[in-house]
Q: 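Sharing a structure, written as structure tokens. Questions coming.
Note that the structure is a prediction, hence the values are computed from the model and not measured. Note: hydrogens, waters and symmetry copies are ignored here, and every other heavy atom, side chains too, is used.
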Amino acid sequence: MREQITAEEYESWSEEQCAGIEVVDAMVVVRSSASKRHKRLARILANALDVAAGPEWNADTDFDVRLQDVPLTNRRPDVVVYRADTIDLTPTRPEHVLLVAEVVSPGSETTDRIVKVDQYAKAGIGFYWRIEQAATGVPLVYTYVLDPATLTYRDGDVFTGVLKAAAPFQVEIDLGQI
């Protein structure tokens, strides 16, 4: 049986040690390496959201969101939109986060479509976007909005090609060009 990791142990690790993993229920989960297309799509989305979000919010890729301390659950979404005034706070907590986005890759389908949706909702993160890399090459963006009473997401809009998001962001991204 594998040994569980505590938040204190995890915080003592270097950024390099943490880069390729997530911690779920205090167990280390090694993430598969993302493809260039996956990384590019996440970066394009993060850059566009960062511009659209204005000075009060930041959008970034590849850093931890601490969903809970005991048992430790640390996720590393593909894109995170978080309050700009919390940039130096670690760990980043759900109350600092407005939106998380996951780009679905082969091997992550169940986790991104079911497991993470439930974890992010229970943590109280207001918006979840799931980006599917369709066979046509034009990504599909599924949006979800948190129902705070039930801590579950309800379906939002689905976008393809050009993404035009409503409030809280006014964003237009030509996703078909990647």
Q: Do Ile5 and Trp13 make a side-chain contact, defined as non-hydrogen atoms from C-beta onward lying under 4.5 Å apart?
A: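 Contact flag for Ile5/Trp13 side chains = yes.
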
Q: Please test Val80 against Asp60 for side-chain contact (heavy atoms from CB on, under 4.5 Å), starting from the C-alpha separation and ending with a verdict.
A: CA-CA 6 Å; Val80 180; Asp60 282 310; 5.8 Å; no

Q: I'd like to check Leu146 versus Lys122 (side-chain heavy atoms, cut-off strictly below 4.5 Å). Are they in contact?
A: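 Answer no - side chains too far apart.
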
Q: Describe, in one word, how the ring planes of Tyr144 and Tyr128 are oriented to each other, choosing from parallel (under 30°), tilted (30 to 60°) and perpendicular (over 60°).
A: tilted

Q: Tell me if a side-chain donor or acceptor on Thr143 pairs with a main-chain N or O of Asp157 at a distance below 3.5 Å.
A: yes

Q: Say whether Phe159 and Trp129 are linked into one hydrophobic cluster, either directly or through other cluster members, by side-chain heavy-atom distances under 4.5 angstrom.
A: yes

Q: With a 3.5 Å distance limit and no angle check, can you tell me whether Ser14 reaches the backbone of Gln17 through a side-chain donor-acceptor pair?
A: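 Yes, the answer is positive, given that a donor and an acceptor are paired below the 3.5 Å cut-off.
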
Q: Can a donor-acceptor pair be found, under 3.5 Å and without considering hydrogens, that links the side chain of Thr73 to the backbone of Asp25?
A: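 Yes.
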
Q: Tell me whether Leu67 is reachable from Val115 by hopping between hydrophobic residues (I, L, V, M, F, W, Y) whose side-chain heavy atoms are closer than 4.5 Å.
A: no

Q: I want to check something: taking the side chain as every heavy atom from C-beta on, are Arg66 and Leu72 in contact at a cut-off of under 4.5 Å?
A: yes

Q: Salt bridge check: are Glu22 and Lys116 linked by an N-O gap of less than 4.0 Å?
A: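 Looking at Glu22 and Lys116, the cut-off is met.
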
Q: Can you find a heavy atom in the side chain of Asp78 that is under 4.5 Å from one in the side chain of His38?
A: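 The answer is yes; the side chains approach within 4.5 Å.
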
Q: Please assess Val65 against Tyr120 for the test side-chain contact (heavy atoms from CB on, under 4.5 Å), listing each intermediate value before the final yes or no.
A: CA-CA 10 Å; Val65 176; Tyr120 295 145; 5.7 Å; no

Q: Once side chain to side chain donor-acceptor pair (under 3.5 Å) is applied, do any residues pair with Asp62, and if so which ones, sequence neighbours excluded?
A: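 Residues passing side chain to side chain donor-acceptor pair (under 3.5 Å) with Asp62: Arg31, Arg76.
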
Q: Is any side-chain heavy atom of Phe127 closer than 4.5 Å to one of Leu98?
A: yes

Q: Looking at Ser108 and Ser105, would you say the former's side chain and the latter's main chain have a donor-acceptor pair under 3.5 Å?
A: yes

Q: Between Tyr153 and Ile125, is any pair of side-chain heavy atoms under 4.5 Å apart?
A: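 A side-chain contact under 4.5 Å exists here.
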
Q: Less than 4.5 Å apart, any side-chain heavy atom of Asp64 and any of Glu11?
A: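 They are not in contact (no side-chain heavy atoms under 4.5 Å apart), so the answer is no.
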
Q: Can you list, pair by pair, the side-chain donor-acceptor contacts under 3.5 Å of residues 43-52, counting residues two or more places apart and other chains?
A:
residue: Asn47; atom: ND2; partner: Arg43; partner atom: O; Å: 3.4
residue: Asp50; atom: OD1; partner: Ala59; partner atom: N; Å: 2.9

Q: Does a side-chain heavy-atom distance below 4.5 Å link Ile21 with Tyr10?
A: yes

Q: Examine distances only and state if a side-chain atom of Gln68 and a backbone atom of Pro71 form a donor-acceptor pair shorter than 3.5 Å.
A: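 Judged by distance alone, yes, a pair lies under 3.5 Å.
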
Q: Between Asp112 (side chain only) and Glu102 (backbone N and O only), is there a donor and an acceptor less than 3.5 Å apart?
A: no

Q: Which residue pairs pass the side chain to side chain donor-acceptor pair (under 3.5 Å) test when at least one of the two sits in residues 91-101, sequence neighbours left out?
A: Asp69-Arg93

Q: When rounded to the nearest 0.5 angstrom, what distance separates CH2 in Trp57 from OG1 in Thr86?
A: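 The distance works out to 8.0 Å.
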
Q: Identify whether Val97 and Ile87 are in the same connected component of the hydrophobic contact network (ILVMFWY, side-chain heavy atoms under 4.5 Å).
A: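 Same cluster.
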
